[in-house]
Amino acid sequence: MIDNNNIEDLFKNLEGNFDTQEPSVGHKDQFLKKLNTTNNSEPKNNKNSFWKPFAIAASIAFLCAIGITFFNTNQTTTEQITEMAPEVTETKNYFASLINDQINNLKKENSPTTKKIIDDTLLQLQKLEKDYTVLEQNLVNGGNTKLILSAIITNYQTRIDLVKDVMEQIDTIKNLKKYNDENFTL
């Protein structure tokens, strides 16, 4: 109730100070006319309208240049390594051909008695290939070049040694089988 009394006192004190007159008959139309002429009569800056098309064209050209640069720099890891160190590519080609020849020889020895050891060897070679891919990526990303190149060569040597050891095991298996077959027939 105290609040209601304060509000009533406020209105009693302000009585007669309120604007209660009606606007003239054409007041609304005059107001809208002034409003429309103010909006339409804003001076246009001819300098800005002249440069806007050029600014838009320059922005589009800039974005296209960035896009082309971004999409064109997607070189393969091999291409990047070739640019960085061509001798790495030569070494890779040499070792890869040597390993592929040994793998082909290994696959020729595939038989029921050697199947498991050959399959395991091929699986190990795939793991070494994945390791090699990681090493290549580290080389491209700017790691310790000497250390990575040493690791790449060690990876190739490991593959060659692995295939060589398996070929020796296969020869041993074949010799044992031959020896057992000879003893069995006697």
Between side-chain atoms of residues 161-172 and protein atoms elsewhere (two or more places apart, or another chain), which donor-acceptor pairs fall under 3.5 Å?
unit_1	atom_1	unit_2	atom_2	d
Thr172	OG1	Glu168	O	2.9

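Within the model, atoms NZ of Lys92 and CG of Asn155 stand 11.0 Å from one another, a figure rounded to the nearest 0.5 Å. In this structure, Asp131 CG and Ile152 CD1 are separated by 11.5 Å, a value rounded to the nearest 0.5 Å. The CG atom of Leu32 lies 9.5 Å from the NE2 atom of His27; values are rounded to the nearest 0.5 Å. Atoms CG and CD1, from Leu122 and Ile117 in turn, are 11.0 Å apart once rounded to the nearest 0.5 Å. Separation of atoms NZ (Lys130) and CG (Leu125) is listed at 12.5 Å; rounding is to 0.5 Å.
Legend: residues meeting side-chain hydrogen bond (donor to acceptor under 3.5 Å, both in side chains) with Glu129, ordered by chain and number and at least two apart, are Arg159. Residues forming a side-chain hydrogen bond (donor to acceptor under 3.5 Å, both in side chains) with Thr114 (at least two apart in sequence, or on another chain): Ser111. Residues forming a side chain to side chain contact (heavy atoms under 4.5 Å, CB included) with Thr158 (at least two apart in sequence, or on another chain): Leu128, Thr154. Annotation: side chain to side chain contact (heavy atoms under 4.5 Å, CB included) contacts of Ile60 (sequence neighbours excluded): Ile56, Cys64. With sequence neighbours excluded, the residues satisfying ring-ring contact (aromatic ring centres under 6.0 Å, His included) with Tyr156 are Phe95, Tyr132.
Criterion: ILVMFWY side-chain heavy atoms under 4.5 Å apart, direct or through other members. Under it, Leu106 and Leu98 are part of a common hydrophobic cluster. A chain of hydrophobic side-chain contacts below 4.5 Å, direct or via other Ile, Leu, Val, Met, Phe, Trp or Tyr residues, connects Ile160 to Tyr94.
Residue pairs satisfying the salt bridge (Lys or Arg N to Asp or Glu O under 4.0 Å) criterion with at least one member in residues 118-128, sequence neighbours excluded, are listed as follows: Lys115-Asp119, Lys116-Asp120. Pairs engaging residues 96-107 under the side-chain hydrogen bond (donor to acceptor under 3.5 Å, both in side chains) rule: none recorded [sequence neighbours left out].
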